[in-house]
Amino acid sequence: MLQLIEWYNRNKRKLPWRNTNDAYKIWISEVILQQTRVAQGLAYYLKFIERFPDVSSLASANIDELMRLWQGLGYYSRAKNLLTAARQVVEQFDGKFPETVMDLKKLKGVGDYTAAAVASISFNLPAAAVDGNVYRVLSRIYAIDEPVNTTKGKQMFQQLATKLIDKKNPGTFNQAMMELGALLCLPKKPLCHICPVNEKCLSFASGSIARYPVKNKKPKQKKRYFYYYVINNKNNTFICKRISRDIWHNLYNFPLIEESRMLTGEQILSAIKKFSWLKCTEKTAIGISEEFRHVLTHQVILARFVRISGADIDKTAADKVLEIEISALDNYAMPRLITRYLEKHPLATR
DNA sequence: AAGGCGGGGTC
DNA sequence: GACCCAGCCTT
């Protein structure tokens, strides 16, 4: 695989986490890049390292501030797990970042891939980091028909990558494989004509690139109907922290009623009475927004926002909701659905 | 082994 | 629309 390494050294992107061997920084970069493109994660990495430059600063972080830093990046359990893992390092590893694959995998949120990436890049250990790029590259080079998303398939690819890894420069090898997948061996239109290993690529030789990687089945999406009630009382509004085992865990949003079917305008207004702490009077003004469509991997959220101003609030009964100033909304981590709504329909203060 | 968990880019 | 991204955790 010498051609691959040479290609990598000539063509690799200049990325901030490639200027360090600091295991903490490599770890942060790897977690940010889980199921996330470099272009999307880069800015998050920079502000994350600036705010939390080392594991001890992260270990003493506040969860709400951490979630706010992670806002918009998705897969929010990663942020929670980072905090848990940082505290593990401080408490179980005496503040010193673990240096073996086995110990790295003890950290919350660190699986086979991330452990191998940190071990190889920071500690020069011969651990093969097998991610989506590597599945694609290897399945094409060797024309492997085994599905990559089964236990058996994953084992096979892990074994193959382990056999191929350059034991002298494992970190460079791992990154070269991934960089090849990210820059040339693309999912849709791979750039085989300039690929450094095209002469060794079985699927290129047989014109069967498009068949790889083989995957079986895809989950289908479910529809959910969200009705948010956005209260605008003078300078204040009301938000709730999402605490159930569901999407957007630990993020904030507006008081919510969820239905399995679409509601009529009349039903949306009628549902207001489910909030016992909210009393509409003759002075109350109500407006229903257009539908917001928010697509996630496995579900589609169809949301409307009901703007309510001039209502009375029974604060003794409003124990599940948090009253905040509208100007403080930015301090709370919220899903993109909510920030998109607020960009389009800002809350007015007076 | 299967399902849950985001948001955005690309074709 | 469908697919995919430097995956991991829970059940």
Side-chain angles (χ1 to χ4, degrees), chain A residues 8 12-13 15-18 26-45 67 70-82 84-85 104-121 127-137 147-155 157-158 161 171 173-183 185-190 210 212-213 215-222 224 242 244-251 293-301 333-340:
Chain A
Y8 174 70
K12 65 185 174 187
R13 292 167 288 183
L15 299 170
W17 50 85
R18 288 187 173 155
I26 300 299
W27 170 53
I28 297 298
S29 74
E30 293 299 345
V31 173
I32 285 176
L33 293 175
Q34 285 168 9
Q35 294 291 282
T36 305
R37 290 169 199 279
V38 167
Q40 190 186 1
L42 184 54
Y44 285 85
Y45 172 82
M67 298 310 293
W70 206 268
Q71 171 176 298
L73 193 55
Y75 284 142
Y76 297 95
S77 64
R78 289 184 293 176
K80 175 76 182 302
N81 290 342
L82 278 182
T84 303
L104 284 164
K105 284 187 64 173
K106 292 175 183 169
L107 301 179
K108 191 79 167 175
V110 175
D112 290 331
Y113 165 78
T114 304
V118 174
S120 63
I121 297 170
V130 181
D131 75 333
N133 289 305
V134 177
Y135 287 129
R136 191 167 58 252
V137 169
V148 299
N149 56 347
T150 62
T151 303
K152 184 183 173 193
K154 284 173 185 164
Q155 278 179 354
F157 282 92
Q158 184 72 47
F173 175 86
N174 282 334
Q175 295 185 79
M177 290 284 287
M178 293 189 279
E179 195 77 340
L180 186 70
L183 297 185
C185 199
L186 304 173
K188 290 293 174 58
K189 294 187 171 181
Y212 302 101
K215 295 182 183 178
N216 48 12
K217 66 119 203 301
K218 62 219 164 175
K220 73 174 236 194
Q221 289 184 324
K222 280 176 276 196
R224 298 172 72 175
R242 297 181 63 88
S244 59
R245 300 172 65 86
D246 194 7
I247 58 172
W248 302 328
H249 187 62
N250 282 322
L251 271 64
R293 182 184 179 85
H294 190 79
V295 181
L296 286 73
T297 300
H298 47 286
Q299 48 190 294
V300 179
I301 313 292
M334 297 183 171
R336 270 301 279 154
L337 171 62
I338 303 295
T339 58
R340 271 201 298 135

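Every heavy atom of this structure was used, including side-chain atoms; hydrogens, water molecules and symmetry mates were not. Letters go in sequence order (proteins before strands), and every chain restarts at 1.
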> How many Å lie between CG on A/L42 and C1' on B/dG8, as a whole number?
15 Å
> Can you check side chain to side chain contact (heavy atoms under 4.5 Å, CB included) on A/I28 and A/L82, steps first, answer last?
CA-CA 8 Å; A/I28 297 298; A/L82 278 182; 4.0 Å; yes
> So what does A/G72 hit on the nucleic acid, given a heavy-atom distance under 4.0 Å: a base, only sugar-phosphate, or nothing?
sugar-phosphate
> How close or far is atom P of C/dA2 from atom CG of A/L296, stated in whole angstroms?
15 Å
> Between atom NE2 in A/H298 and atom C1' in C/dC4, what is the gap in whole Å?
16 Å
> At under 4.0 Å between heavy atoms, what does A/H249 touch on the DNA or RNA strands: base, sugar-phosphate, or nothing?
nothing
> Reading nucleotides 5-11 of chain C from the 5' end, what letters show protein touch, with B for base, S for backbone sugar-phosphate only, - for no heavy atom under 4.0 Å?
BBBSSSS
> Which atom names give the shortest non-hydrogen contact between A/Y135 and A/P213, and what distance separates them?
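The answer is O-CB, 4.2 Å.
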> Please give me the minimum heavy-atom distance between A/A127 and A/S120, naming the atom from each residue.
O-CB, 3.8 Å
> Can you tell if the side chain of A/R13 reaches within under 4.5 Å of the side chain of A/R18, non-hydrogen atoms only?
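In contact.
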> Round to a whole Å and report the spacing from CZ of A/R224 to C1' of B/dG4.
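In whole Å, B/dG4 C1' lies 11 Å from A/R224 CZ.
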> Establish, with yes or no, whether the OP1 or OP2 oxygen of B/dG6 is under 4.0 angstrom from a side-chain nitrogen or oxygen of A/Q299.
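No, outside the criterion.
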> In whole angstrom, give the distance that lies between atom CD1 of A/I247 and atom P of B/dG3.
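Going from CD1 in A/I247 over to P in B/dG3 covers 18 Å.
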> With nearest nucleotide decided by heavy atoms, which residue, A/M334 or A/T150, maps closer to the 5′ end of DNA chain B?
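Result: A/T150.
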> In whole angstrom, what separates A/Y44's OH from B/dG7's C1'?
9 Å
> Which comes earlier along DNA chain B counting from the 5' end, the contact point of A/R336 or that of A/N149, where each point is its nearest nucleotide?
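Counting from the 5' end, the first nearest nucleotide belongs to A/N149.
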> Under 4.0 angstrom, heavy atoms only, what part of the nucleic acid is A/L73 near: base, sugar-phosphate, or nothing?
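It contacts base atoms.
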> Could you tell me whether A/D246 contacts a base, only the sugar-phosphate backbone, or nothing, with contacts defined as non-hydrogen atoms closer than 4.0 Å?
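Result for A/D246 = sugar-phosphate.
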> Using atom P in both nucleotides, what's the gap between B/dC5 and C/dA6 to the nearest angstrom?
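Their P atoms lie roughly 23 Å apart.
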> Provide the closest heavy-atom pair for A/V148 versus A/K154 in the form atom of the first, atom of the second, distance.
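That closest heavy-atom pairing would be O-CG, 3.4 Å.
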> Should A/H294 be listed as having a side-chain N or O under 4.0 Å from OP1 or OP2 of B/dG7?
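Indeed, a polar side-chain atom of A/H294 lies that close.
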> Just verifying a value: how many Å separate A/F173 CZ and A/Q175 CD, rounded to the nearest 0.5 Å?
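These two atoms lie 12.0 Å from each other.
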> Kindly give the heavy-atom pair with the smallest separation between A/T150 and A/P147, and that separation in Å.
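Scanning both residues completely, I find the closest heavy atoms to be OG1-O, 3.5 Å.
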> According to a strict under-4.0 Å criterion, is A/K222 in side-chain N/O contact with OP1 or OP2 of B/dG3?
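For B/dG3, OP1/OP2 do not have a side-chain N/O of A/K222 under 4.0 Å.
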> Rounded to whole angstrom, note down the C1' distance from C/dC9 over to B/dG8.
23 Å
> Measuring only the P atom in each nucleotide, how far is B/dG9 from C/dC8? A whole number of Å is fine.
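Approximately 24 Å lies between the P atom of B/dG9 and that of C/dC8.
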> Could you point out which residue of A/W27, A/Y45, A/Y44 forms a ring-ring contact (aromatic ring centres under 6.0 Å, His included) with A/W17?
A/Y45
> In whole angstrom, what separates A/R340's CZ from B/dG6's P?
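Result: 15 Å.
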